[in-house]
Amino acid sequence: MENQLFIHNTLTRTKEIFEAINPPFAGMYVCGPTVYGDPHLGHARPAITFDLVFRYLLHLGYKVRYVRNITDVGHLVADLDEGEDKIAVKARVEQLEPMEVAQYYADRYFIYMDALNVKRPSIEPRASGHMIEQILMVQKILDEGYAYEVNGSVYFDVEKYSKSYNYGKLSGRILEDLLANTRTLEGQDEKHNAADFALWKKAQPEHIMRWPSPWGDGFPGWHLECSAMSTKYLGDYFDIHGGGMDLLFPHHESEIAQCQAAIGHESVKYWLHNNMITINGQKMGKSLGNFITLDQFFTGTHASLQQAYSPMTIRFFILQAHYRSTLDFSNEALQAADKGLKKLLAGYETLGKLMPSPLAPLPEGEGRIADLQRSCYDAMNDDFNSPMVIASLFEGVRIINSAADKKEDLSSPELTGLKTIFDTFLFEILGIKEEKGGDNHEVVDGLMQLVLAIRQKSRETKDWGTSDQIRDALQKLKITVKDGKDGSAWNIE
RNA sequence: GGUUUCGUGGCCGAGUGGCUAGGCAGCGGUCUGCAAAACCGUGUACAGCGGUUCGACUCCGCUCGAAACCUCCA
């Protein structure tokens, strides 16, 4: 199948055809979490977005090396003035070794990403494990003359860099504005210019996370790890770099500058950014009280949640929006997603029970099923348009259900085609999986068959009292009985 | 104040210079002992005001509104 994949490159603000630098290999780097707190909704969106990209590239036959870092060197806390790093603060509060904090929350992150059926990346490097690479990169930038050292800290010289290159090309910022908008600070600032950023920061005596370097004990600047680790594992020039839009500036802008300065050219061909999530139209933030962790979603233990939402509901909901749109969470919207997903999965189950009609099979590549498959590929090729893929899958469900109602006929190749579409797009690419409760299927199955057989007998004698009693009792156990022409079906909610 | 994304029917959310996205909810019908599910039908939606055009929700400008980042800091 000819697939021309177009992806939106933030650098050019246009959709560009995806051409791998070294086919069949494709390299992708995505900014991962800083592990100092429980994973929340804000972590789910980029993870799922780039999981979709990963899965689709794999499906197209690329040998993908997907690198997503774990930031276990804390960056400074925004709402504290002391300049302590996030992980160190957490460590002090919880009376733990900083690495204990990082390990604990990294493990938590993996658990919840697994629940969301996010594939593990090929490599998950940690910043703390790449100090040497980072120090070497700082040294290289110093050697090239784009950085300066002050009192054991090293800063990137944005003004000098801007004489040769365009700092701001990714985020649309203009250096003059950055400088003009900046007030002069009191003497304590070591930076030559407000736009400069730290490559290496000297550790104050009380700072716990520290490493020796040519400039004394300190820790790396927060843009540096991504530059160092992406180029270490993916090479000087790789295909895709992804992350949230919140990272556009200054993080990714600075990564571009660091690589340009250290390597002599840019390291990324396509920049991809997912949009943010709001809750009831408001930004998600700790101060607003609408900061919901994934655990709270899965268990329903948050004041603003009317019920628990399963991992697949969250995943499906995120995929129902295009990754570059803002996405608004609300109970109503999540419940709609929950029902929609169940409808899709029920349709797939129905498909497995359909018998082919003896209609003459259509030639390969023709007919509505082939059209459906084509529209799924077209949607994915158009910058990973998962909402349109989902719309096509619902069209498939409509056809399946019509056939089950004996209102339409499906030939054997059409049935196979539908199954291929669902297996490929719903499960393989969108990464949805069935969430059947319990693993004692055989016992439950047997019991249900027995119960339904007894109920069928009562129905045959028009003993509706018994029949309804059984159905109501099962409903209380969250088991729904559906009476059809060919007997009764059941499913667990 | 700046940069960037947006503003679509009751809710969520695609898309397009002229041709029904889709889901959820609602309404009417079919089926059913009842119910559920399913199927069929059903919505003069594109923030506001100008402009370009034979024609704009889609392009341009302005206004209003939302979000992210920056404006203090790494």
Side-chain angles (χ1 to χ4, degrees), chain A residues 10 13 74-86 153 155 168 170-174 177-183 185-186 189 191 194-199 201 219-224 244-254 273 275-278 281-284 316-317 320-322 324-344 346-347 350 375 379 382 385-395 397-398 400-408 459 462-464 467-468 471-472 475 480-485 488-491:
Chain A
T10 311
R13 316 260 169 209
H75 303 314
L76 300 196
V77 177
D79 44 16
L80 289 179
D81 295 327
E82 298 92 69
E84 289 183 277
D85 89 34
K86 291 169 178 171
S153 293
Y155 296 96
L170 181 69
S171 57
R173 279 171 171 76
I174 298 156
D177 291 348
L178 289 173
L179 297 176
N181 281 335
T182 306
R183 279 184 249 154
L185 300 167
E186 299 114 66
D189 196 6
K191 295 195 294 188
D196 294 352
F197 55 89
L199 295 173
K201 194 81 179 134
F219 52 93
W222 73 298
H223 313 304
L224 195 64
M245 269 182 192
D246 52 334
L247 299 176
L248 222 81
F249 187 88
H251 187 55
H252 290 159
E253 195 70 62
S254 301
H273 290 93
N275 214 318
M276 311 311 287
I277 279 170
T278 56
Q282 269 195 315
K283 83 178 229 190
M284 189 176 75
F316 183 70
F317 185 69
Q320 255 188 323
H322 185 80
R324 283 190 290 114
S325 298
T326 51
L327 175 60
D328 189 49
F329 269 73
S330 64
N331 281 288
E332 210 178 352
L334 279 167
Q335 283 157 13
D338 184 41
K339 286 195 181 177
L341 176 59
K342 281 186 174 136
K343 185 174 175 176
L344 275 182
T350 306
S375 69
D382 184 15
N385 197 325
S386 52
M388 286 193 63
V389 173
I390 290 169
S392 293
L393 291 175
F394 275 113
E395 171 63 12
V397 168
R398 197 195 57 72
I400 290 166
N401 285 330
S402 285
D405 272 10
K406 314 259 193 275
K407 285 176 177 156
E408 292 195 43
R459 296 185 76 221
K462 298 205 191 300
D463 177 5
W464 308 125
S467 166
D468 289 352
R471 188 176 63 196
D472 294 347
Q475 190 60 59
T480 307
V481 176
K482 289 179 267 190
D483 298 329
K485 281 176 182 156
S488 304
W490 62 279
N491 68 289

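Chain naming here is simple, since letters A, B, ... match the order of the sequence lines and numbering starts at 1 in each. Only a predicted model underlies this, so the values are computations on that prediction, with no experimental measurement involved.
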Looking at every strand, decide which applies to [X] at a 4.0 Å heavy-atom threshold: base, sugar-phosphate, or nothing.
X         : result
Ala333(A) : sugar-phosphate
Ser325(A) : sugar-phosphate
Arg471(A) : base
Phe249(A) : sugar-phosphate
Asp328(A) : sugar-phosphate
Leu327(A) : sugar-phosphate
Lys339(A) : sugar-phosphate

[X] has an atom [atom1]; how far is it from atom [atom2] of [N], in whole Å?
X         : N      : atom1 : atom2 : result
Gln320(A) : C11(B) : CD    : P     : 16 Å
Asn275(A) : C6(B)  : CG    : P     : 7 Å
Asn385(A) : U16(B) : CG    : C1'   : 13 Å

Ring geometry between Phe317(A) and Phe329(A) (parallel below 30°, tilted from 30 to 60°, perpendicular above 60°):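 Phe329(A) vs Phe317(A) ring planes: perpendicular.
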
Thr10(A) vs Leu170(A) side-chain heavy atoms within contact, under 4.5 Å: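 Counting from C-beta outward, Thr10(A) and Leu170(A) do come under 4.5 Å.
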
Side chains of Asn401(A) and Arg398(A) in contact at under 4.5 Å (non-hydrogen atoms):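 No, their side chains stay 4.5 Å or more apart.
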
Just compare [options] and give me whichever is closest to any side-chain atom of [X].
X         : options                : answer
Asp246(A) : G33(B), A68(B), G10(B) : A68(B)
Trp222(A) : C39(B), A74(B), G33(B) : A74(B)
Asp405(A) : G23(B), U5(B), A38(B)  : A38(B)
Pro387(A) : G13(B), C40(B), A74(B) : G13(B)
His322(A) : A21(B), A14(B), C12(B) : A14(B)
Thr278(A) : A74(B), A67(B), C69(B) : A67(B)

Sole residue of Leu341(A), Asp338(A), Leu334(A) in side chain to side chain contact (heavy atoms under 4.5 Å, CB included) with Phe316(A):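 In the set Leu341(A), Asp338(A), Leu334(A), the residue that makes a side chain to side chain contact (heavy atoms under 4.5 Å, CB included) with Phe316(A) is Leu341(A).
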
OP1 or OP2 of A74(B) under 4.0 Å from side-chain N/O of Lys191(A):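 Checking Lys191(A) against A74(B): at least one side-chain N or O falls below 4.0 Å of OP1 or OP2.
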
Complementary nucleotide of C49(B), counting Watson-Crick and G-U pairs under 3.5 Å: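 Pair assignment: C49(B) / G61(B).
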
Opposite nucleotide pairing with A66(B), Watson-Crick or G-U, both atom distances under 3.5 Å: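 Across all strands, the one nucleotide that pairs with A66(B) is U5(B).
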
Side-chain donor/acceptor contact of Arg398(A) with base of C39(B) under 3.5 Å: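 Looking at the base of C39(B), it does not pair with any donor or acceptor on the side chain of Arg398(A) (distance under 3.5 Å).
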
Arg324(A) vs Ile277(A), nearer the 5' end of RNA chain B by closest nucleotide: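 The residue whose closest nucleotide sits nearer the 5' end is Arg324(A).
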
Gap in Å between the two C1' atoms, one belonging to A35(B) and one to G65(B), rounded: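 After rounding to an integer number of Å, I get 46 Å for this pair.
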
Non-hydrogen atoms of Ser386(A) and Ala321(A) that approach each other most closely: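 Heavy-atom minimum between the residues: OG-O, 3.8 Å.
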
